[in-house]
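Here is the structure we will look at, set down as structure tokens.
Heavy-atom basis, side chains included; hydrogens, waters and symmetry copies ignored. These numbers come from a predicted model, not from an experiment.
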Amino acid sequence: MKPPRAARVATVLLCLLTLTGCTGGSGGDTGDDRAPLARPLTPAEADRAALARFTTYRRGTGSVTMTIPYRGTTVTLSGRVDWRRHLGFAEIIGAGALPARELIQWNESTVVTLPGWSGGLPERPPAHGWQPHRLTPHASPLDAALRLLLGLGSNRPDNAQLLARSSARWIKDDRIGTTPVTVFAGPGSPGPNADGNRPGNTRYWIDGEGNLLRFSARAGGETSWMTAELPQHETAALPDPVPDLTSAATATAGPG
């Protein structure tokens, strides 16, 4: 028998919180969660925040550009995510005068990389040359970013009542281009030692229709924020995963 829906939603939120370390702090460009104006969500704001992952899922595939702090520098991810199939395909570009570039494909458990890439994101990935490894989001900010990107879509709205009672916070009203958005802080850590008034390490820029346009988090042991831009334009569907990703994911899952 399936657990109650509220329990399932709480489990999903707990998984996201675990990836981001669950503690609050100064938000920098994302807004200071300790500022006097930060406040609990109103019922209408909780309803809108609860829609964000569902509206992302309903899009199917979307473009993503993400900057990720990594070992004292910053890498840029540019590609597409299919939130229904839990699959991503992107190019990673390192910092520096001659930045390293690689293609990646990933799902919830595994990432495959193609180092030394120089051609931008192709319509279809090359068939050979991929190097697989299991995602380790608690040890690597890059792996944490990949897992978090897939988690931005859900096949049902989150529980607005749980959000309203949590430590999620309204941070500020803002704009992305000409689009008005509200910046929300995700809830902080559950548990007996949690600070019920301290938001967690996630920020969501959500428009009036519940569309998620920007996402920020601190994860993978980094103190700086990773930030993803999610433009709302139409995006081509992702190609099927390369065989190396499919076989590696099957090996990771083990026998059923």
Side-chain angles (χ1 to χ4, degrees), residues 6 9-57 64 66-69 137-138 141 144-145 147-154 157-176 179-230:
V9 172
T11 299
V12 171
L13 289 174
L14 178 59
C15 290
L16 291 175
L17 291 169
T18 303
L19 284 179
T20 56
C22 303
T23 56
S26 179
D29 290 341
T30 64
D32 188 345
D33 53 44
R34 296 172 298 184
L37 292 179
R39 55 165 174 75
L41 307 185
T42 66
E45 290 166 348
D47 285 340
R48 182 149 51 108
L51 281 176
R53 296 197 309 129
F54 181 55
T55 58
T56 301
Y57 176 87
V64 174
M66 191 173 200
T67 54
I68 305 162
H138 297 292
R147 181 74 67 81
L148 285 167
L149 284 174
L150 296 183
L152 295 180
S154 172
D158 290 311
N159 189 310
Q161 292 183 340
L162 286 180
L163 282 175
R165 294 197 300 265
S166 75
S167 59
R169 290 291 184 268
W170 172 95
I171 296 296
K172 63 180 178 179
D173 292 322
D174 201 358
R175 284 182 177 271
I176 295 180
T179 303
V181 295
T182 301
V183 184
F184 298 109
S189 172
N193 297 320
D195 180 349
N197 296 313
R198 181 63 65 86
N201 281 335
T202 54
R203 302 291 181 271
Y204 303 83
W205 281 252
I206 301 173
D207 71 10
E209 304 300 319
N211 297 307
L212 179 61
L213 305 187
R214 179 180 294 161
F215 169 77
S216 284
R218 287 186 295 205
E222 291 286 338
T223 58
S224 299
W225 294 82
M226 57 182 70
T227 299
E229 304 290 343
L230 296 90

Where Ala145 and Met226 come nearest, the two heavy atoms and their spacing: CB-SD, 3.6 Å

Kindly compute the distance separating OG1 (Thr42) from CH2 (Trp170), expressed to the nearest 0.5 Å. 10.5 Å

Under 3.5 Å: donor-acceptor pair, side chain of Arg214, backbone of Thr227: no

Heavy-atom pair with the smallest gap, counting every atom of Ala46 and Ala160: CB-O, 3.5 Å

How many angstroms lie between atom CZ of Arg203 and atom OG of Ser216, to the nearest 0.5 angstrom? 8.5 Å

Minimum heavy-atom separation for Trp205 and Phe215, please, with both atom names. CE3-N, 4.3 Å

Taking the side chain as every heavy atom from C-beta outward, state whether Leu213 and Leu230 have any pair of such atoms under 4.5 Å apart. no

Can you confirm whether Leu163 sits close enough to Phe184 that some side-chain heavy atom of one is under 4.5 Å from a side-chain heavy atom of the other? no

Output all residues satisfying side-chain hydrogen bond (donor to acceptor under 3.5 Å, both in side chains) with Thr55, sequence neighbours left out; order by chain, then residue number. none

Supply the atom-to-atom distance Ile206 CD1 to Thr179 OG1, rounded to the nearest 0.5 angstrom. 14.0 Å

Could you tell me whether a side-chain N or O of Arg48 sits under 3.5 Å from a main-chain N or O of Asp207, the two making a donor and an acceptor? yes

Can you tell me how far the CG atom of Leu51 sits from the CD atom of Glu209, to the nearest 0.5 Å? 9.5 Å

Scanning both residues in full, the closest heavy-atom pair of Leu41 with Arg169 reads CD2-C, 3.4 Å

To the nearest 0.5 Å, atom CD1 of Ile171 lies from atom CZ of Arg39 at 10.0 Å

In this structure, CH2 of Trp225 is separated from CG of Asn201 (nearest 0.5 Å) by 5.5 Å

